[in-house]
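Written below as structure tokens is the structure these notes are about.
To find a chain, count down the sequence lines: A is the first, B the second, and so on, and within it residues start at 1.
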2 protein chains.
Amino acid sequence: MVKQLDDKLPPLIDHVGWRLWRLARQWKAEFDAGMAARGHGWMAEARGAVVGHLRPGGLSQSALTAAMGISKQAVQQLVDELVAEQIVERVPDPDDKRGKIVRLLPKGIKAIADGNEVKREIEARYAERIGAERLASLNAALDDLAG
Amino acid sequence: MVKQLDDKLPPLIDHVGWRLWRLARQWKAEFDAGMAARGHGWMAEARGAVVGHLRPGGLSQSALTAAMGISKQAVQQLVDELVAEQIVERVPDPDDKRGKIVRLLPKGIKAIADGNEVKREIEARYAERIGAERLASLNAALDDLAG
DNA sequence: ACGTATCGTCAAGCAACTTGACTACATGGA
DNA sequence: TCCATGTAGTCAAGTTGCTTGACGATACGT
């Protein structure tokens, strides 16, 4: 009764979306492994994304919320964890007595610096595999399709 | 005291990994929107991935587990939901009295068919934007970097 | 001066997993 | 043939990473 409907479904695997997800997941696995090897295993977890959005001057928690696209309560919980681990600190915003600035502590800065190194390594491996030119046009295509 | 360490951190945004994630997320958002427009809003949630892994003949729950890379208990919970919504059915495996085969019901088959249509539409839009050739070489690069 | 919006916080709830424990059946030797 | 060991599915409970709701304190336009 369902048998006849079951026939000739196209393969589900041969499309850009699947390829994008596959490589994105692979890239993240490589990045996480590199970070874990440098002692920043926590970067693989949710609070790693917070650090990834912080800039040298620090950001208010609400700016962080806007940048990350998740709820302010979620951001707060993640920042709570990072504060407990001394990766970031919360300082009062001098321009807004309601606000607090989330700033990187040395541990967090080290993680970002190591992160950039790991990213460069992965990028170098990719360039070695398909050539710098093809990698550049991959990047260009990804940019042109975004937005 | 942290000020001096804060200086000259490289930008965090200019690397393949970030571009891959950005476009992968965007692709998924487009796919989910297309599916929601066709009445398959549930495909955006976790149980959508289960349907995405099913093949015409059906799969045993353990095969599904292996294919999806999550725990068998997680698969079971997701299949429970799909059964309740009459998207799939669980039938006994004739070759293994312990096993059960998860098979698509018409609702699920329709979702897969519509899904393929949505994917083709997205792919067509992408080809229109950067040209069929660049899209083909994007796919090729994604394939060559995987694995 | 006042109504309204925003910033951070506390609390509770939900989705999508996980690990642990268990029963029914399968399988490959002794 | 019996038995040890392994696998398929299930039930229960716990964890993670979010969510929505409610709140006091502060900011800001009129």
Side-chain angles (χ1 to χ4, degrees), chain A residues 21 24-25 28-29 32 35-36 40-55 57-85 87-103, chain B residues 21 24-25 28-29 32 35-36 40-55 57-85 87-103:
Chain A
W21 277 106
R25 274 197 309 270
K28 185 171 192 310
D32 290 345
M35 289 305 271
H40 308 293
W42 55 270
M43 278 288 280
E45 288 152 49
R47 55 195 182 284
V50 175
V51 172
H53 280 88
L54 284 178
R55 314 278 60 225
L59 279 175
S60 76
Q61 224 165 280
S62 54
L64 209 42
T65 295
M68 295 185 64
I70 60 177
S71 70
K72 59 183 177 176
Q73 295 92 329
V75 170
Q76 175 151 29
Q77 288 169 21
L78 297 174
V79 171
D80 281 349
E81 294 173 20
L82 292 169
V83 167
E85 293 168 288
I87 292 160
V88 304
E89 63 180 348
R90 257 195 276 244
V91 302
D93 184 339
D95 299 334
D96 186 338
K97 287 185 184 170
R98 297 168 304 178
K100 303 210 177 150
I101 304 288
V102 179
R103 290 183 46 167
Chain B
W21 277 106
R25 272 197 310 270
K28 185 170 192 314
D32 290 346
M35 289 306 270
H40 308 294
W42 55 270
M43 278 289 280
E45 288 152 50
R47 57 194 181 286
V50 175
V51 172
H53 280 88
L54 284 178
R55 314 276 62 224
L59 278 176
S60 76
Q61 223 164 280
S62 55
L64 210 41
T65 296
M68 295 185 65
I70 59 178
S71 70
K72 58 183 179 177
Q73 295 91 331
V75 170
Q76 176 151 30
Q77 288 169 23
L78 297 174
V79 171
D80 281 348
E81 294 173 21
L82 292 169
V83 167
E85 294 168 288
I87 292 160
V88 305
E89 62 180 350
R90 257 195 275 244
V91 302
D93 185 340
D95 298 336
D96 188 337
K97 286 185 185 171
R98 298 168 303 176
K100 303 210 178 150
I101 304 289
V102 178
R103 290 183 47 167

> When the nearest nucleotide of DNA chain D is assigned to Arg98(A) and to Glu45(A) on a heavy-atom basis, which residue is associated with the more 5' position?
Replying inline: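 Counting from the 5' end, the first nearest nucleotide belongs to Glu45(A).
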
Could you give the [atom1]-to-[atom2] distance, from [X] to [N], as a whole number of Å?
X	N	atom1	atom2	answer
Glu81(B)	dC14(C)	CD	C1'	12 Å
Gln77(A)	dT9(C)	CD	C1'	11 Å
Ile70(A)	dA15(C)	CD1	C1'	15 Å

> What are the two closest heavy atoms between Thr65(A) and Ser71(A), and how far apart are they?
Replying inline: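 For Thr65(A) and Ser71(A), the tightest heavy-atom pair comes out as CG2-C, 4.0 Å.
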
>> Tell me the closest heavy-atom pair linking Leu59(A) and His53(A), and the distance in Å.
In response: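 Smallest heavy-atom distance, with atoms named: CD1-O, 3.4 Å.
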
>> Check Arg47(A) with Asp80(A), please: is the shortest side-chain N to carboxylate O separation under 4.0 Å?
In response: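 Result for this pair is no, no salt bridge flagged.
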
> Contact boundaries of DNA chain D with chain B (under 4.0 Å, heavy atoms), 5' to 3'?
Replying inline: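 For DNA chain D, the relevant span reads dG6(D) to dA13(D).
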
> Checking all strands, does Ala74(B) fall into the base, sugar-phosphate, or nothing category for heavy-atom contacts under 4.0 angstrom?
Replying inline: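 If one applies the 4.0 Å heavy-atom cut-off, Ala74(B) turns out to touch a base.
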
> Looking across every strand, which nucleic acid part, if any, lies under 4.0 Å from Arg90(B) by heavy atom: base, sugar-phosphate, or nothing?
Replying inline: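 If one applies the 4.0 Å heavy-atom cut-off, Arg90(B) turns out to touch the sugar-phosphate alone, with no base involved.
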
>> For Gln61(A) and Leu78(B), find the nucleotide of DNA chain C closest to each by heavy atoms; which residue's nucleotide sits nearer the 5' end?
In response: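 Going by which nucleotide is closer to the 5' end, it is Gln61(A).
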
>> By nearest heavy atom, map Thr65(A) and Gln73(B) onto DNA chain C; which one lands nearer the 5' end?
In response: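 Counting from the 5' end, the first nearest nucleotide belongs to Thr65(A).
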
>> As an exercise, state the distance from CD1 of Ile70(A) to CD of Gln77(A), rounded to the nearest 0.5 Å.
In response: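 Answer rounded to 0.5 Å: 9.0 Å.
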
> If you check every side-chain atom of Ser71(B), which of dG8(C), dA11(C), dT19(C) has the closest atom?
Replying inline: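 Of dG8(C), dA11(C), dT19(C), dT19(C) is nearest to the side chain of Ser71(B).
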
> What nucleotide among dA16(C), dC17(C), dA26(C) has an atom nearest to a side-chain atom of Asp96(B)?
Replying inline: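 Closest of the options to the side chain of Asp96(B): dA26(C).
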
> Are any of Ser60(A)'s side-chain N or O atoms less than 4.0 Å away from OP1 or OP2 of dC7(C)?
Replying inline: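 For dC7(C), neither OP1 nor OP2 has a side-chain N or O of Ser60(A) closer than 4.0 Å.
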
>> At less than 3.5 Å, do the side-chain atoms of Lys100(A) and the base atoms of dG8(C) form a donor-acceptor pair?
In response: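 For Lys100(A), whose side chain was compared with the base of dG8(C), there is no donor-acceptor pair (under 3.5 Å).
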
>> So, using side chain to side chain donor-acceptor pair (under 3.5 Å) as the criterion, who are the partners of Ser62(B) when residues are at least two apart?
In response: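 Once residues adjacent in sequence are excluded, the partners of Ser62(B) under the side chain to side chain donor-acceptor pair (under 3.5 Å) criterion are Ser60(B).
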
